[in-house]
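To find a chain, count down the sequence lines: A is the first, B the second, and so on, and within it residues start at 1.
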Amino acid sequence: MKVLVAVKRVVDDNVRVRLKGDGSGVETAHAKKAMNPFDEPAVEAAVRLREAGVAEEVVAVSVGEPGCEEVLRTALAFGADRAQLIEAEGELEPLGVSKALAAVAEREAPGLILLGQQATDDDAAQTGPMLAARLGWGQATFACALEAGEGEVRVTREVDGGKRDVAVPLPAVVTADLALNEPRYVKLPSIMKAKKKPLERQALEALGVDAAPRLDLLEVSEPPARPPGVRVDSAEALAERLRNEAQVC
Amino acid sequence: MTALVIAEHRGGQLAASARRAVSAARRLDAAVELLVIGGEEAAAAAEAAAAVEGVERVLCCAGEAYAAQLAEPLAARVAELAEQRGYTAVLAAASSLAKDFLPRVAAALDVAMLSDVTAIEDAETFQRPLYGGSVIARLRCREPVRVMTVRGTAFPGASDGGEAPVERLEPGAAPALSRLLEERLSDSGRPELTAARVVVAGGRGLRDEAGVRELEALADQLGAAIGATRGAVDDGLLPSDAQVGLTAKVVAPELYIAVGLSGAIYHVSGMKDSRVVVAINTDEEAPIMQLADYALAADLFEALPRLRRALAADS
Ligand SMILES: Cc1cc2nc3c(=O)[nH]c(=O)nc-3n(C[C@H](O)[C@H](O)[C@H](O)COP(=O)(O)OP(=O)(O)OC[C@H]3O[C@@H](n4cnc5c(N)ncnc54)[C@H](O)[C@@H]3O)c2cc1C
Ligand SMILES: Nc1ncnc2c1ncn2[C@@H]1O[C@H](COP(=O)(O)O)[C@@H](O)[C@H]1O
């Protein structure tokens with residue numbers, strides 16, 4: 001089976017994002033970028049399936065600007081076999097990305113598509129289920145464990161009340177929680193090797209997909225700050241404040 | 001203009017979050033209909049739903065295919081209803097269930113979706129967080145159907161007082177794809193995290209079983225729910241369903257006591273709308289100490305027993 005894994009390039013989550021002066025958007029052009037943290041366990045899971053002999057090939061896909069090549073190289077360094085960059089300029093929304101990924105899936109015919117559960121820039125958590133719906137496939141979101149079975153994958157999902165084990169027939173879409181695995185530490189020889197692995201580029205238009213954004217971003221702002229608090233110097237003083245001042249205990 | 005709210009329920013009980021989604025939907029200048037979809041127990045929850053103020057009609061769709069609350073059949077049925085009845089909005093309170101099936105509905109209807117909406121200004125203007133909650137975006141959505149999850153903590157819960165008719169729907173579209181093998185729900189015997197008045201949350205600083213016991217003792221005394229950081233979950237100190245954060249549960253209790261946790265942005269965006277925040281941390285400079293209304297720089301192993309005694313003595 002072939003495994004497709006979708007990786008997004010986002011502003012590195014150690015960087016504090018800055019707003020554009022006129023509030024029209026977030027200043028991303030010069031910010032340090034990295035692979036979306038939730039995509040790392042997705043890539044790791046894909047590579048482990050290949051190492052276990054369940055998958056023959058792992059193909060990493062990213063949709064976006066030419067710079068996304070960087071995160072595809074990271075996926076290749078993790079152990080993906082080849083990569084595809086679907087080049088698109090400007091804003092992308094999960095709906096459009098899911099259509100692009102579905103077009104790739106129709107061509108590549110993977111048995112399994114892995115994605116991160118959500119991207120740390122738009123915090124949408126939509127692309128995986130949207131992709132599954134478009135393909136008419138089953139899905140398992142928020143995966144914290146994954147095991148390949150006969151014609152299906154068994155996934156443990158992290159849900160509000162606890163955990164759920166589901167079996168999804170292949171082909172399937174699975175989105176990764178951070179708890180899915182501990183992604184490997186990529187060493188220099190893997191990074192060197194990744195430079196030689198095939199990376200194919202294609203324009204989004206060539207897929208015949210309309211990914212034009214549907215939502216208008218009117219403005220961005222910082223969330224209101226909480227009023228400054230006070231320091232208390234003992235547990236007893238804290239208890240007194242909670243009772244008499246805040247009146248919560 | 002009619003909005004369809006998909007109400008979460010369990011064991012025949014309507015989830016509190018459904019009431020919050022109703023008051024969000026009312027801000028859309030639309031009539032509000034509530035869908036309760038599930039197995040046979042959906043009927044009991046639909047009765048409760050009929051009493052929610054502001055609901056014009058309750059739709060109850062009970063069928064074996066929906067009993068396990070799997071995304072594929074739920075989404076197919078909701079999309080089918082949206083098409084048949086021409087709803088202008090489809091919403092649900094943000095939860096692991098809604099995040100699982102609602103994007104499928106949006107894709108089936110070929111419309112963009114809004115996740116975790118925190119404010120509804122009018123029928124087409126919305127606010128939602130980006131970048132781990134460090135940015136608030138104002139967006140305009142003019143899709144023919146507005147599909148969204150709304151953040152429970154941002155909207156009050158609609159109270160009782162309605163008398164909506166309940167319409168029984170036959171089961172409809174229900175593709176059989178995934179199967180539920182097992183569900184392991186944790187029952188801590190404590191209040192539900194997102195509905196609790198007091199949350200006592202612990203981080204890596206709890207260190208070991210002794211720290212966890214200190215936290216539990218405080219939670220027991222206050223009748224509080226227990227919250228956790230990803231750090232504490234990763235270290236095996238607290239269960240994963242206790243995790244608070246943008247990528248986990250978002251809470252806004254009256255009182256949030258943060259113990260031995262640093263206050264990373266992902267955690268903070270899941271609790272910063274709490275009314276009163278207390279931080280207990282050995283590190284004066286920890287971000288949570290800057291955010292807290294009351295910050296106590298102290299070792300939790302010393303501070304928690306003293307806090308418990310002081311609170312008990314006061315009452
Ligand atoms: C994509 C992504 C998503 C994430 N989502 C979430 C999320 O939803 N929720 C979440 O919580 N995290 C999330 N995280 C992880 C988050 O970034 C932090 O790593 C995590 O919250 C840190 O947990 P912590 O505060 O328990 O640990 P630490 O940051 O290690 O803090 C421990 C604190 O305990 C204090 N301490 C130590 N000993 C004591 C003592 N004896 N008494 C008192 N205080 C003591 C220390 O001073 C320190 O401040 C996410 C990370 C990523 C990359
Ligand atoms: N532009 C993109 N290119 C490739 N994968 C993406 C892209 N956008 C989103 N994804 C995938 O979809 C997941 C969820 O993203 P989102 O729905 O935006 O929160 C990410 O973790 C990626 O795996």
Side-chain angles (χ1 to χ4, degrees), chain A residues 11 13 16-17 19 26 93-95 98 118 120-126 129-130 132-134 137-142 144 154 158-169 178-179 214-223 226 229-232 235-236 238-239 241-243 246 248-249, chain B residues 71-72 75 95-97 99-101 103-104 106-108 111-113 115-116 125 129-141 143 177-186 222 230 240-241 246-247 249 254-255 272 276 278 291-298 303 306-307 310-311 314:
Chain A
V11 173
D13 77 323
R16 197 172 161 72
V17 293
L19 307 185
V26 174
E93 290 167 357
L95 182 70
S98 71
Q118 80 186 58
T120 56
D121 49 2
D122 63 12
D123 290 324
Q126 297 171 3
M130 283 181 165
R134 191 159 176 92
W137 296 3
Q139 71 180 48
T141 51
F142 316 127
C144 61
R154 290 177 174 236
E158 249 175 42
V159 296
D160 288 347
K163 301 219 153 98
R164 288 185 130 210
D165 298 335
V166 293
V168 194
L178 290 181
R214 305 281 189 89
L215 304 171
D216 303 324
L217 181 62
L218 301 176
E219 70 181 318
V220 292
S221 58
E222 289 190 5
R226 289 182 69 94
V230 296
R231 303 269 155 160
V232 290
E236 291 71 24
L238 174 58
R241 295 266 199 166
L242 289 179
R243 180 163 305 277
V248 278
C249 278
Chain B
E72 303 90 346
S95 65
S96 59
L97 177 68
K99 287 179 176 178
D100 193 35
F101 81 86
R104 278 188 88 104
V111 294
M113 175 180 159
S115 297
D116 283 299
T125 317
L130 302 177
Y131 291 92
S134 57
V135 176
I136 306 290
R138 265 182 86 221
L139 294 147
R140 181 175 300 135
C141 173
E143 294 283 32
L177 287 161
S178 48
R179 277 181 301 135
L180 178 64
L181 303 174
E182 194 191 337
E183 187 165 49
R184 277 159 285 142
L185 299 180
S186 43
L222 297 176
R230 178 165 284 279
S240 61
D241 59 283
L246 179 88
T247 60
K249 283 197 185 109
E254 281 288 294
L255 173 61
K272 69 177 158 50
V276 177
V278 170
L291 176 103
D293 300 295
Y294 301 108
L296 173 61
R306 278 175 58 181
L307 179 62
L311 286 171
D314 272 9

Note to self: Quick check: closest heavy atoms across B/Asp241 and A/Asp160, and the distance to 0.1 Å?
What the structure shows: CB-O, 3.4 Å
Check: So what's closer than 4.5 Å to chain A heavy atoms on B/Ala137: side chain, backbone, both or neither?
Finding: both
Next item on the list: Check each atom of A/Val17 against the heavy atoms of chain B and say whether the ones under 4.5 Å are side chain, backbone, both or neither.
Entry: side chain
Check: What are the two closest heavy atoms between A/Ala246 and B/Val276, and how far apart are they?
Finding: CB-CG2, 4.0 Å
Next item on the list: Could you check B/Val135 against A/Leu19 for side chain to side chain contact (heavy atoms under 4.5 Å, CB included), going step by step and ending with a plain yes or no?
Entry: CA-CA 8 Å; B/Val135 176; A/Leu19 307 185; 3.8 Å; yes
Checklist line | Gap between atom CG of A/Leu178 and atom OG of B/Ser240 - 0.5 Å precision | finding: 12.5 Å
Item checked: Heavy-atom proximity to chain B below 4.5 Å, by part of A/Ser221 -> both
Notebook entry, point to check: Under a 4.5 Å heavy-atom cut-off, does chain B meet the side chain of A/Arg226, its backbone, both or neither?
Noted result: side chain
Next item on the list: Locate the shortest heavy-atom distance separating B/Leu185 from A/Gly162; write the atom from each residue and the value.
Entry: CD2-N, 4.2 Å
Check: Between the side chain of B/Arg306 and the main-chain N/O of A/Glu236, is any donor-acceptor distance below 3.5 Å?
Finding: no
Note to self: Is it the case that the side chains of B/Thr247 and A/Gln118 hold a donor-acceptor pair, with the cut-off being a distance below 3.5 Å and no angle test?
What the structure shows: no
Next item on the list: Measure the CG-SG distance between B/Leu222 and A/Cys249 for me, rounded to the nearest 0.5 Å.
Entry: 5.0 Å
Next item on the list: Select one option (side chain, backbone, both, neither) describing which atoms of A/Leu95 are under 4.5 Å from chain B's heavy atoms.
Entry: side chain
Next item on the list: Please test A/Asp121 against B/Tyr131 for side chain to side chain contact (heavy atoms under 4.5 Å, CB included), starting from the C-alpha separation and ending with a verdict.
Entry: CA-CA 5 Å; A/Asp121 49 2; B/Tyr131 291 92; 3.6 Å; yes
Item checked: Contacts of A/Asp122 that satisfy salt bridge (charged side-chain N to carboxylate O under 4.0 Å, His left out) - sequence neighbours left out -> A/Lys8
Notebook entry, point to check: Side chain, backbone, both or neither: which part of A/Glu93 has a non-hydrogen atom closer than 4.5 Å to chain B?
Noted result: side chain
Notebook entry, point to check: Looking only at atom types and distance, does a side-chain atom of A/Arg134 sit under 3.5 Å from a main-chain N or O of B/Ala107, one as donor and one as acceptor?
Noted result: no
Note to self: I'd like to check the salt bridge (charged side-chain N to carboxylate O under 4.0 Å, His left out) partners of A/Asp165; sequence neighbours left out, ordered by chain and number.
What the structure shows: B/Arg184
Check: So, B/Ser178 side chain and A/Val168 main chain: donor-acceptor pair closer than 3.5 Å or not?
Finding: no
Notebook entry, point to check: Side chain, backbone, both or neither: which part of B/Glu254 has an atom under 4.5 Å from a heavy atom of chain A?
Noted result: both
Note to self: Does any backbone or side-chain atom of A/Leu242 lie under 4.5 Å from a heavy atom of chain B? Answer side chain, backbone, both or neither.
What the structure shows: side chain
Item checked: From CD (A/Glu219) to CZ (B/Arg140), nearest 0.5 Å -> 11.0 Å
Item checked: Stepwise side chain to side chain contact (heavy atoms under 4.5 Å, CB included) check, B/Lys99 with A/Thr141 -> CA-CA 9 Å; B/Lys99 287 179 176 178; A/Thr141 51; over 6 Å; no
Notebook entry, point to check: Any donor and acceptor pair, going by atom type alone, linking the side chain of A/Gln139 with main-chain N or O of B/Glu72 inside 3.5 Å?
Noted result: no
